[in-house]
Amino acid sequence: MARRGAAALALALALLAVALAGAAAQGAAVEDPDYYVQEIWSREPYYARLEPEPFSPPLPAGPGEEERKLRASEPRPPKKATKPKKAPKREKLAPETPPPGKKSGRKGVKTKSSEKAAGDDHRVPVARDAVREGCPPLGLETLKITDFQLHASTSKRYGLGAHRGRLNIQAGINENDFYDGAWCAGRNDLHQWIEVDARRLTKFTGVITQGRNSLWLSDWVTSYKVMVSNDSHTWVTVKNGSGDMIFEGNSEKEIPVLNELPVPMVARYIRINPQSWFDNGSICMRMEILGCPLPDPNNYYHRRNEMTTTDDLDFKHHSYKEMRQLMKVVNEMCSNITRIYNIGKSHQGLKLYAVEISDHPGEHEVGEPEFHYIAGAHGNEVLGRELMLLLMQFLCQEYLARNSRIVRLVEETRIHIIPLPHPDGYEKAYEGGSELGGWSLGRWTHDGIDINNNFPDLNTLLWGAEDRQNIPRKVPNHYIAIPEWFLSENATVAVETRAVIAWMEKIPFVLGGNLQGGELVVAYPYDMARSTWQMQEHTPTPDDHVFRWLAYAYASTHRLMTDARRRVCHTEDFQKEDGTVNGASWHTVAGSLNDFSYLHTNCFELSIYVGCDKYPHESELPEEWENNRESLIVFMEQVHRGIKGLVRDLHGKGIPNAVISVEGVNHDIRTASDGDYWRLLNPGEYMVTAKAEGFTSSTKNCIVGYDMGATQCDFTLSKTNLARIREIMEKFGKQPVSLPARRLKLRGRKRRQRG
């Protein structure tokens with residue numbers, strides 16, 4: 001424990017030193033010949049912490065407060081997610097809201113400022129960092145707020161109840177009675193409301209709203225009032241001077257809009273009361289509440305649900321420059337087991353960095369398997385990226401503390417981590433912030449490409465060859481070649497995709513996981529349905545039993561994935577398969593990274609969806625780390641399941657590209673350049689065959705046990721007679737050896753010597 005504490009303290013001091021150094025000067029961009037430096041590490045402080053002033057408004061004198069005459073006032077300009085500003089600017093007043101009883105046909109005023117020039121308006125200007133460093137979200141999106149804490153005046157049906165009024169919640173394909181995309185009131189009038197019970201006194205500071213998630217309908221609220229209460233019976237309305245404040249809502253259904261309260265309000269309940277809505281739609285909204293729960297040590301419910309971590313790590317959201325800076329700190333702390341390299345550049349020229357963690361970084365050791373994690377292929381799915389940065393810190397600390405489990409993992413595995421293969425998209429999402437980025441800001445590349453599904457479709461080639469049973473097979477069941485059209489410069493392929501493909505072809509990966517967000521499940525291939533035009537169809541691989549094992553290894557050790565009591569994130573309940581799902585049975589997609597890895601390389605790849613919230617507030621990062629830490633380690637350890645070995649010739653030289661086949665499994669793998677191989681298998685007894693061109697095949701019985709550690713299964717192959725003949729022919733310039741001609745030649749030479 002002393003060693004672990006010393007390592008954690010050393011890493012913390014290193015991080016602090018970097019941050020303090022940043023307060024002295026700004027770093028200028030320079031070009032450095034070092035392979036992992038693109039410009040000087042950022043020396044500016046991460047960001048200043050802005051603390052809101054606490055304020056507790058008085059409660060109303062009696063229940064007659066709501067019956068007082070309503071006063072129309074100017075809507076408050078909201079914070080817009082698409083146009084973040086570093087400093088607020090004053091601008092003209094927004095138009096007045098329509099009188100009570102009428103709907104507004106306008107979409108909401110697009111303002112560039114969070115401050116208004118009205119003399120009686122007490123609102124505070126808000127920058128992006130202020131939102132991030134103010135009170136965090138209560139947790140409607142992350143499901144910390146349970147369905148029982150959400151109430152509404154009315155609802156159209158169960159699928160549009162108050163429990164569906166969560167920020168960024170997604171509707172089902174059919175937008176059915178159970179899973180629709182918002183809370184929608186049963187009537188369109190000024191008496192509708194949705195409220196949140198925080199279950200403790202809370203300092204409320206702001207409200208974020210969206211419209212209804214729907215492919216077919218356009219429903220959103222354009223203005224609303226905010227009320228608070230301590231008992232849910234007596235309510236006080238947020239004021240704008242002497243009148244009730246009307247906050248501007250949304251101008252369309254997907255972009256989140258933030259409105260900060262003019263002063264924080266301390267209460268237990270908060271209620272949103274729509275005042276106007278889109279002219280052709282209904283009262284529908286999704287929302288998140290910003291608030292700071294007040295200390296309540298006597299409340300057992302909250303003490304029971306509080307999550308803390310003992311790991312001394314850098315729990316924050318990192319910009320691209322801050323990410324590189326953190327990677328540099330880890331590399332300096334653990335220089336003997338880490339290496340930073342890049343696999344290429346993004347569309348905008350940002351380097352795609354990777355970290356290698358191994359006892360011999362930069363070197364493939366014969367017999368040691370290669371593992372990788374990739375996160376952030378969708379730039380807006382930020383949680384996986386931060387988990388990767390936390391993981392590399394954790395591995396460094398625990399290795400220095402001589403944690404036997406981590407030491408064994410590092411010394412027996414070559415680990416690669418790419419925390420951000422799509423930096424361009426992440427920078428867009430980072431500018432929007434954790435609550436204002438919406439569901440898709442930064443997901444796609446500059447050209448509108450989804451990197452995670454931008455790989456060549458090899459499934460169609462394989463299945464087409466299998467369907468043509470009478471025609472000689474031209475497509476193998478593994479290492480399927482990439483089509484020529486995909487390699488052309490005119491193909492719609494992102495530069496980031498090409499970089500990942502080249503990286504995976506260069507390194508003989510055995511197992512990998514790509515971390516995504518927006519759900520809580522582990523998806524395994526195939527991701528593409530075999531039947532044409534089927535949107536959902538269970539399509540297993542020949543190694544389905546292995547993939548199920550791998551998926552369950554992660555899900556079962558996650559704190560929430562297999563918890564039958566937890567609420568579904570959006571529409572899908574994955575508990576029937578213990579937090580796992582076949583990708584094609586969920587939603588079919590062609591050209592996924594999982595399918596490509598399985599059909600083009602030796603790597604078994606799975607998609608790990610690590611949280612309902614794609615971009616959680618950084619106050620949630622310690623808990624998310626605790627949710628995933630054990631799973632991340634257990635999944636890496638699975639690379640040592642199955643069999644491994646060397647395929648050599650009679651002289652002991654390794655044979656590259658030898659094919660390893662398992663009886664009963666219609667999927668082969670190949671040996672690496674040194675003749676070593678790793679074949680993931682579940683516990684059992686297998687007949688394994690090794691074969692290579694020019695060599696006689698060899699078959700062995702290999703037994704895989706339940707204990708951790710792959711079974712050693714080596715092969716020695718002898719050359720075929722045809723191969724020996726070819727060697728002799730090559731030695732003599734590919735000319736047949738003629739013994740009579742050679743005898744005549746020798747006789748002529750002897751005669752000349754006698755004469």
Side-chain angles (χ1 to χ4, degrees), residues 366-367 369-370 458-459 461-469 471-481 504-505 508-512 524-526 539-550 594-605 638-650 653-705 709-720 722-723:
V366 177
E370 309 254 2
L458 304 181
N459 303 59
L461 296 176
L462 173 66
W463 295 334
E466 290 178 348
D467 292 339
R468 297 188 297 269
Q469 297 180 359
I471 301 177
R473 187 188 188 98
K474 296 182 179 179
V475 179
N477 63 9
H478 70 292
Y479 270 59
I480 300 175
M504 296 188 70
E505 289 179 334
F509 290 116
V510 180
L511 178 62
Y524 54 88
Y526 289 122
T539 309
T541 66
D543 284 289
D544 188 61
H545 54 297
V546 178
F547 277 113
R548 286 176 179 271
W549 174 294
L550 296 171
N594 293 348
D595 291 1
F596 169 79
S597 298
Y598 184 68
L599 295 177
H600 185 68
T601 73
N602 287 342
C603 185
F604 284 34
E605 185 92 16
Q638 301 310 303
V639 77
H640 296 284
R641 290 283 184 186
I643 60 175
K644 66 177 182 179
L646 286 168
V647 180
R648 293 171 287 197
D649 60 18
L650 295 176
K653 183 179 179 181
I655 303 175
N657 288 321
V659 176
I660 306 297
S661 302
V662 178
E663 184 178 305
V665 181
N666 188 26
H667 181 80
D668 304 332
I669 63 161
R670 298 196 183 191
T671 58
S673 58
D674 296 311
D676 48 350
Y677 77 93
W678 308 263
R679 181 54 162 100
L680 296 177
L681 292 169
N682 286 349
E685 188 173 343
Y686 301 91
M687 295 301 296
V688 183
T689 300
K691 53 188 175 183
E693 185 177 355
F695 293 86
T696 57
S697 62
S698 175
T699 301
K700 280 188 175 182
N701 183 34
C702 302
I703 300 175
V704 179
T711 300
Q712 191 77 23
C713 214
D714 298 327
F715 295 88
T716 300
L717 306 184
S718 59
K719 291 186 178 181
T720 62
L722 181 59

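A quick note: this is a predicted structure, and the numbers were derived from the prediction, not measured. By convention here, the first residue in the shown sequence is residue 1.
Under the side chain to side chain donor-acceptor pair (under 3.5 Å) criterion, Asn657 pairs with no residue at all, not counting sequence neighbours. Pro683 is linked by a side chain to side chain contact (heavy atoms under 4.5 Å, CB included) to Trp549, Tyr706, counting only residues two or more places apart in sequence or in another chain. With sequence neighbours excluded, no residue satisfies side chain to side chain donor-acceptor pair (under 3.5 Å) with Asp649. The ring-ring contact (aromatic ring centres under 6.0 Å, His included) test applied to Phe596 returns Phe455, His600, not counting sequence neighbours. A search for ring-ring contact (aromatic ring centres under 6.0 Å, His included) contacts involving Tyr524 returns nothing, not counting sequence neighbours. Taking Ser697 as the reference, nothing meets the side chain to side chain donor-acceptor pair (under 3.5 Å) condition, with sequence neighbours excluded. Residues passing the ring-ring contact (aromatic ring centres under 6.0 Å, His included) test with His640, sequence neighbours excluded: none. By the ring-ring contact (aromatic ring centres under 6.0 Å, His included) test, Tyr677 is found to be paired with no residue, residues two or more places apart in sequence or in another chain being considered. Residues satisfying the side chain to side chain contact (heavy atoms under 4.5 Å, CB included) test with Ser673, not counting sequence neighbours, are none. In terms of the side chain to side chain donor-acceptor pair (under 3.5 Å) criterion, Thr716 has no residue partners (sequence neighbours excluded).
Using a 4.5 Å heavy-atom threshold, the side chains of Ile703 and Thr711 count as separate. Between Phe715 and Ile655 the shortest side-chain heavy-atom distance does not fall below 4.5 Å. A 4.5 Å side-chain heavy-atom check between Ile660 and Val647 finds at least one atom pair inside the cut-off. Between Leu550 and Leu680, some side-chain heavy-atom pair lies under the 4.5 Å cut-off.
Residues Thr696 and Ser718 have side chains that bring a donor and an acceptor to within less than 3.5 angstrom of each other.
We find the CG-CG distance between Asn602 and Leu511 to be 12.0 Å, quoted to the nearest 0.5 Å. Atom CZ in Arg648 sits 11.5 Å away from atom CG in Asp674 (nearest 0.5 Å). With values rounded to the nearest 0.5 angstrom, Gln712 atom CD is found 5.5 Å from Lys644 atom NZ. Going from atom CD of Glu466 over to atom CG of Asn477 covers 8.0 Å, rounded to the nearest 0.5 Å. One distance of note links CG of Asp676 with CD of Glu370; it measures 9.0 Å at 0.5 Å rounding. Atom NE2 of His667 and atom CZ of Phe604 lie 5.0 Å apart (nearest 0.5 Å).
A pairwise comparison of heavy atoms in Asp714 and Gly645 identifies OD1-CA, 3.1 Å as the closest pair. Here the closest heavy-atom approach between residue Pro656 and residue Gly654 is recorded as CD-O, 3.5 Å. Annotation for Leu717 and Ser698: closest pair CD2-CB, 3.5 Å, computed over non-hydrogen atoms. Between Leu458 and Ala481 the shortest heavy-atom distance is CD2-O, 3.6 Å. Of all the heavy atoms in Thr601 and Tyr479, the pair that sits closest is C-CE1, 3.9 Å. Of all heavy-atom pairs between Cys713 and Ile643, the closest is CB-CB, 4.5 Å.
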Run Val704 and Tyr686 through side chain to side chain contact (heavy atoms under 4.5 Å, CB included) and show every step you take.
CA-CA 8 Å; Val704 179; Tyr686 301 91; 4.0 Å; yes

Candidate pair Leu599 and Asn459, rule side chain to side chain contact (heavy atoms under 4.5 Å, CB included), full reasoning
CA-CA 8 Å; Leu599 295 177; Asn459 303 59; 3.8 Å; yes

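Within the structure, salt bridge (charged side-chain N to carboxylate O under 4.0 Å, His left out) contacts touching residues 657-670 (residues at least two apart or in different chains) do not occur.
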Under 3.5 Å, sequence neighbours excluded: what are the donor-acceptor pairs made by side chains of residues 541-548?
residue	atom	partner	partner atom	Å
Thr541	OG1	Asp543	N	3.2
Thr541	OG1	Asp544	N	3.3
Asp543	OD1	Arg679	NH1	3.0
Asp543	OD1	Arg679	NH2	3.2
Asp543	OD2	Tyr598	OH	2.7
Asp543	OD2	Arg679	NH2	3.4
Asp544	OD2	Arg548	NE	2.8

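At least one donor-acceptor pair closer than 3.5 Å links the side chain of Thr671 to the backbone N or O of Ala658.
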